[in-house]
Amino acid sequence: MNERLRRSMLRRGLDVGSLAESAQVSVKSVERWIRGDVVPYPRTRYRISAILQEDETYLWPGSVDKSSLTGAELVSTWPRRNDVPQHLWTELLRQAERNVDYLAYAGLFLTEEHPDWIPLLRARAEAGVRVRLLIGDPLGQQLVSRDTEKQIGGGVAGRVAAVLAYYKPLAGLVAIRLHDTPLYNSVYRFDDEMIVNSHVYGILAAYTPTMHIRRVDGAYFSTYLESFERVWASARPLDGDEA
């Protein structure tokens, strides 16, 4: 049984007959795909993927040569986070329909450099998007360690306090947790797209390499998503006094 195909159809509200009609194939063909008896031809796979808004490598993992996917998830890379086009952050947020995940020590640049970031975040949450924010714990040890790094210059805890003040009005509408984990990357996820900002010892995150990933087979995307989930599970909720 191809459970990925069956569940994707359910999410889109499509039964065997409606998918067959949309894809211009027979009902028997769709039934055979669901049973896992056969895999559609490439052109048909592409059409089904577009209808279900899923990647064909997700629906039929064995249908594509994995070697051809090497690097396919990398949309863009930049030597510094400051080189990321300014509009990209809010554009990705505006387009998000399911998930917005945010893992950083502070990420203050988003609220200070993008006046529409907070209103957009509120609007997406009110539209039903699940928003999860992971911010450095002011009571933890990692912010202290980050502040002591050569040439960082201190002030990470101050930036965390500032960013929490921005997000305070959203408490209850979005999920906010405080983490005390060593960050190797800051992760900003918008549905199936992600911006990953690498951390380099002694250098501010604004000046370190950053990449834009779009989920294809998940080789890159899933790794960072798993990391986010591990940090989320270990973080503590923002309590009432802090909010």
Side-chain angles (χ1 to χ4, degrees), residues 71 73-96 99-122 124 131-168 170 174 176-191 193-214 220-221 223-225 227-228 230-232 235 238:
E73 289 191 296
L74 292 176
V75 178
S76 300
T77 60
W78 302 272
R80 305 182 307 170
R81 192 191 69 204
N82 281 350
D83 296 325
V84 178
Q86 285 285 321
H87 68 86
L88 183 60
W89 300 96
T90 49
E91 181 179 311
L92 292 176
L93 177 59
R94 186 177 290 108
Q95 294 174 355
N99 297 286
V100 172
D101 293 329
Y102 170 120
L103 168 60
Y105 280 135
L108 187 59
F109 73 98
L110 288 173
T111 53
E112 288 193 335
E113 299 175 15
H114 301 275
D116 51 349
W117 177 261
I118 293 295
L120 273 175
L121 199 63
R122 175 183 290 277
R124 299 322 298 143
V131 179
R132 297 182 295 175
L133 308 179
L134 274 168
I135 299 168
D137 191 339
L139 303 180
Q141 295 300 312
Q142 295 302 320
L143 295 187
V144 177
S145 298
R146 184 66 171 162
D147 266 342
T148 61
E149 289 184 21
K150 184 180 180 181
Q151 297 180 356
I152 289 295
V156 178
R159 290 197 290 274
V160 169
V163 83
L164 284 175
Y166 278 104
Y167 291 127
K168 178 176 64 175
L170 300 181
V174 307
I176 304 174
R177 291 188 183 181
L178 304 176
H179 71 91
D180 188 29
T181 53
L183 279 192
Y184 307 112
N185 302 275
S186 291
V187 176
Y188 307 91
R189 180 234 184 149
F190 311 89
D191 289 344
E193 309 219 23
M194 187 180 286
I195 295 180
V196 178
N197 182 196
S198 66
H199 288 203
V200 178
Y201 183 84
I203 301 176
L204 289 170
Y207 305 108
T208 56
T210 303
M211 58 183 173
H212 178 191
I213 298 171
R214 181 176 297 138
Y220 286 86
F221 192 96
T223 298
Y224 291 108
L225 183 56
S227 176
F228 178 92
R230 287 174 181 263
V231 179
W232 182 260
L238 183 72

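Everything numeric in this text was worked out from a predicted model, so none of it was measured.
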Test your reading of the model: is there a side-chain donor-acceptor pair from [X] to the backbone of [Y], 3.5 Å cut-off?
{"X": "Y167", "Y": "V174", "answer": "no"}
{"X": "Y102", "Y": "G107", "answer": "yes"}
{"X": "R124", "Y": "V100", "answer": "no"}
{"X": "H179", "Y": "A104", "answer": "yes"}

Are [X] and [Y] close enough that some pair of their side-chain heavy atoms sits under 4.5 Å apart?
{"X": "Y166", "Y": "L108", "result": "yes"}
{"X": "Q95", "Y": "D191", "result": "no"}
{"X": "W117", "Y": "E112", "result": "no"}
{"X": "P138", "Y": "L164", "result": "yes"}

Using the rule given for side chain to side chain contact (heavy atoms under 4.5 Å, CB included), can you reason through H212 versus E193, listing the C-alpha separation, both sets of side-chain angles and the distance that settles it, and then say yes or no? CA-CA 7 Å; H212 178 191; E193 309 219 23; 2.6 Å; yes

Say you draw a straight line from [atom1] of [X] to [atom2] of [Y]; how long is it, rounded to the nearest 0.5 Å?
{"X": "D137", "Y": "L178", "atom1": "CG", "atom2": "CG", "value": "5.0 Å"}
{"X": "L134", "Y": "Y105", "atom1": "CG", "atom2": "OH", "value": "12.0 Å"}
{"X": "E73", "Y": "M211", "atom1": "CD", "atom2": "CE", "value": "9.5 Å"}
{"X": "F228", "Y": "D101", "atom1": "CZ", "atom2": "CG", "value": "4.0 Å"}
{"X": "I195", "Y": "W89", "atom1": "CD1", "atom2": "CH2", "value": "4.0 Å"}
{"X": "K168", "Y": "I118", "atom1": "NZ", "atom2": "CD1", "value": "12.5 Å"}

How far apart are the C-alpha atoms of Y188 and L110, what are their side-chain angles, what is the distance that settles it, and do they pass the side chain to side chain contact (heavy atoms under 4.5 Å, CB included) test? CA-CA 11 Å; Y188 307 91; L110 288 173; 3.8 Å; yes

Minimum-distance pair of heavy atoms, taken over all atoms of W78 and V84: CE3-CG2, 3.6 Å

Listing, residues 203-210 side-chain donor-acceptor contacts under 3.5 Å, not counting sequence neighbours, or none:
residue: T208; atom: OG1; partner: N197; partner atom: ND2; Å: 3.0
residue: T208; atom: OG1; partner: S198; partner atom: O; Å: 2.6
residue: T208; atom: OG1; partner: A205; partner atom: O; Å: 3.0
residue: T210; atom: OG1; partner: R81; partner atom: N; Å: 3.4
residue: T210; atom: OG1; partner: N197; partner atom: ND2; Å: 3.1
residue: T210; atom: OG1; partner: T208; partner atom: O; Å: 3.2

Do R177 and V231 pass the side chain to side chain contact (heavy atoms under 4.5 Å, CB included) test, and can you show the C-alpha distance, the side-chain angles, and the key distance before you say yes or no? CA-CA 10 Å; R177 291 188 183 181; V231 179; over 6 Å; no

